[in-house]
Amino acid sequence: MLKELIETNITRKLIPKGLSWFGCMGGLSLVAFMVQVVTGIFLVFHFIPAEKEALPSIQNVIHNVPYGWLIHRFHAVGPNIMVGMVFSHMLRILFKRIYRHPRELHWVSGACLLLLTLFMFYTGSLVSVGYITGHTPMRLVYIYAIHIAGIPMIMGSFMGMHFFMVRTTGIYEQL
Ligand code: HEM
């Protein structure tokens with residue numbers, strides 16, 4: 001059962017000839033998002049979102065937790081790569097005019113995902129500015145809550161809709 005599932009969905013699926021990097025950017029955006037989720041969950045176990053304890057808690061992750069420095073680095077560099085991927089994905093859709101009927105709502109849900117990705121980037125930056133300088137526009141714990149729970153929940157539901165729509169219409173260029 002499991003063997004058959006893996007074979008039909010992974011090992012027996014061949015990469016078609018002529019598949020471009022641009023054509024992979026939607027899937028790669030999802031992979032980048034998953035990397036952020038997994039590394040973020042790891043950081044949640046160690047980070048203390050209080051003005052005085054935040055910086056020492058991050059220093060503890062970097063210096064004392066096994067591979068903490070690596071996971072922290074991944075979580076900090078990943079968003080730059082993800083934003084680039086989401087933009088490339090959008091540009092392909094735009095230049096190939098894939099947004100036209102019947103894919104208008106794919107485009108709208110995608111545009112919301114782009115905004116949410118940028119909002120994640122912004123709140124994540126505010127959290128790091130908060131623990132480095134001790135100054136944030138509102139209390140660190142509120143920004144942190146928006147960053148780790150508020151936006152990801154909304155993003156998860158928009159992704160669900162985005163993928164459901166893609167499954168319904170099928171992809172534009174058949175593999
Ligand atoms: C976190 C952000 C995003 C993720 C994870 C994501 C993921 C995906 C995936 C996996 C696909 C199916 C494979 C493909 O055609 O590439 C797809 C298709 C699509 N996406 Fe996105 N996407 C995101 C953002 C966007 C944005 C910003 C737009 C445009 C404003 C967009 C518009 C579309 C459209 C129109 C399709 C259908 C393409 C087709 O039928 O071939 N997406 N997306």
Side-chain angles (χ1 to χ4, degrees), residues 2 4-45 47 49 70-130 142-175:
L2 184 69
E4 198 188 307
L5 208 69
I6 292 174
E7 279 180 357
T8 39
N9 289 302
I10 305 173
T11 48
R12 261 200 243 130
K13 279 217 160 153
L14 301 177
I15 297 173
K17 261 193 180 163
L19 181 68
S20 78
W21 278 101
F22 267 116
C24 299
M25 283 304 158
L28 288 177
S29 302
L30 177 63
V31 172
F33 178 75
M34 291 318 294
V35 169
Q36 290 309 115
V37 171
V38 172
T39 53
I41 289 173
F42 168 87
L43 291 172
V44 164
F45 287 117
F47 182 61
L70 186 64
I71 294 171
H72 178 247
R73 230 33 347 246
F74 261 92
H75 198 77
V77 175
N80 299 283
I81 300 170
M82 180 172 170
V83 167
M85 286 171 169
V86 177
F87 265 112
S88 319
H89 175 54
M90 189 187 78
L91 287 178
R92 170 177 166 265
I93 307 284
L94 186 67
F95 285 116
K96 292 204 160 184
R97 298 184 172 194
I98 302 172
Y99 52 80
R100 289 182 297 184
H101 185 76
R103 295 185 173 78
E104 305 93 329
L105 284 181
H106 306 37
W107 172 265
V108 174
S109 60
C112 295
L113 281 171
L114 173 65
L115 288 179
L116 289 162
T117 305
L118 293 177
F119 206 36
M120 276 305 270
F121 195 111
Y122 176 62
T123 51
S125 307
L126 285 184
V127 170
S128 63
V129 167
Y142 295 143
I143 299 173
Y144 182 62
I146 295 172
H147 181 72
I148 66 159
I151 316 172
M153 276 194 300
I154 304 174
M155 239 177 139
S157 38
F158 270 91
M159 268 190 204
M161 288 192 260
H162 198 63
F163 301 148
F164 177 73
M165 289 170 203
V166 175
R167 287 297 284 223
T168 311
T169 54
I171 51 170
Y172 180 72
E173 285 170 313
Q174 289 310 315
L175 297 177

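Bear in mind that the values here come from a model prediction, so they are computed numbers and not experimental data. Remember, it's 1-based here, ligands and their atoms both numbered in the order they're listed.
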Is any side-chain heavy atom of [Y] closer than 4.5 Å to one of [X]?
| X | Y | value |
| --- | --- | --- |
| Cys24 | Met85 | no |
| Tyr99 | Val108 | no |
| Trp107 | Met90 | yes |
| Phe33 | Met155 | yes |

Could you give the distance from [atom1] ([X]) to [atom2] ([Y]), rounded to the nearest 0.5 Å?
| X | Y | atom1 | atom2 | answer |
| --- | --- | --- | --- | --- |
| His147 | Ser128 | NE2 | OG | 9.0 Å |
| His162 | Leu105 | NE2 | CG | 11.5 Å |
| Tyr172 | Arg92 | OH | CZ | 9.0 Å |
| Ile148 | Ile41 | CD1 | CD1 | 10.0 Å |
| Thr39 | Leu43 | OG1 | CG | 6.0 Å |

statement: Of all the N, O or S atoms in His89, the one nearest to atom 21 (Fe) of ligand 1 is NE2
Return the residue, atom name and 0.1 Å-rounded distance of the protein heavy atom closest to [atom].
| atom | result |
| --- | --- |
| atom 4 (C) of ligand 1 | Ser29 CB, 3.9 Å |
| atom 40 (O) of ligand 1 | Arg103 NE, 2.7 Å |
| atom 39 (C) of ligand 1 | Tyr172 N, 3.3 Å |
| atom 12 (C) of ligand 1 | Val166 CG1, 3.7 Å |
| atom 28 (C) of ligand 1 | Gly110 CA, 3.5 Å |
| atom 15 (O) of ligand 1 | Ile171 CG2, 3.9 Å |
| atom 3 (C) of ligand 1 | Leu113 CD1, 3.9 Å |
| atom 33 (C) of ligand 1 | His162 CE1, 3.4 Å |

Heavy-atom contacts with [X] under 4.0 Å: which atoms of ligand 1 show up? List them by number with element.
| X | value |
| --- | --- |
| Leu30 | 5 (C) |
| Phe163 | 7 (C), 8 (C), 9 (C), 10 (C) |
| Leu114 | 27 (C) |
| Thr117 | 1 (C) |
| Met90 | 29 (C), 30 (C) |
| Ala111 | 30 (C) |
| Ile93 | 33 (C), 34 (C), 35 (C), 36 (C), 38 (C) |
| Met159 | 1 (C) |

field: Metal proximity, His106 vs atom 21 (Fe) of ligand 1, N/O/S cut-off 2.8 Å
entry: no
- prompt: Taking the non-hydrogen atoms of Trp107, is any one of them nearer than 4.0 angstrom to ligand 1?
  reply: yes
query: Should we count CZ of Phe158 as having more than 12 external heavy atoms under 6.0 Å?
result: no
message: Checking the side chain of Gln36 only, and the main-chain atoms of His75 only, is there a donor and an acceptor separated by less than 3.5 Å?
response: yes
field: Short side-chain to backbone donor-acceptor contact, His89 and Met25, under 3.5 Å
entry: no
field: Option whose closest heavy atom lies nearest to atom 7 (C) of ligand 1, chosen from Gly170, Gly26, Pro102
entry: Gly26
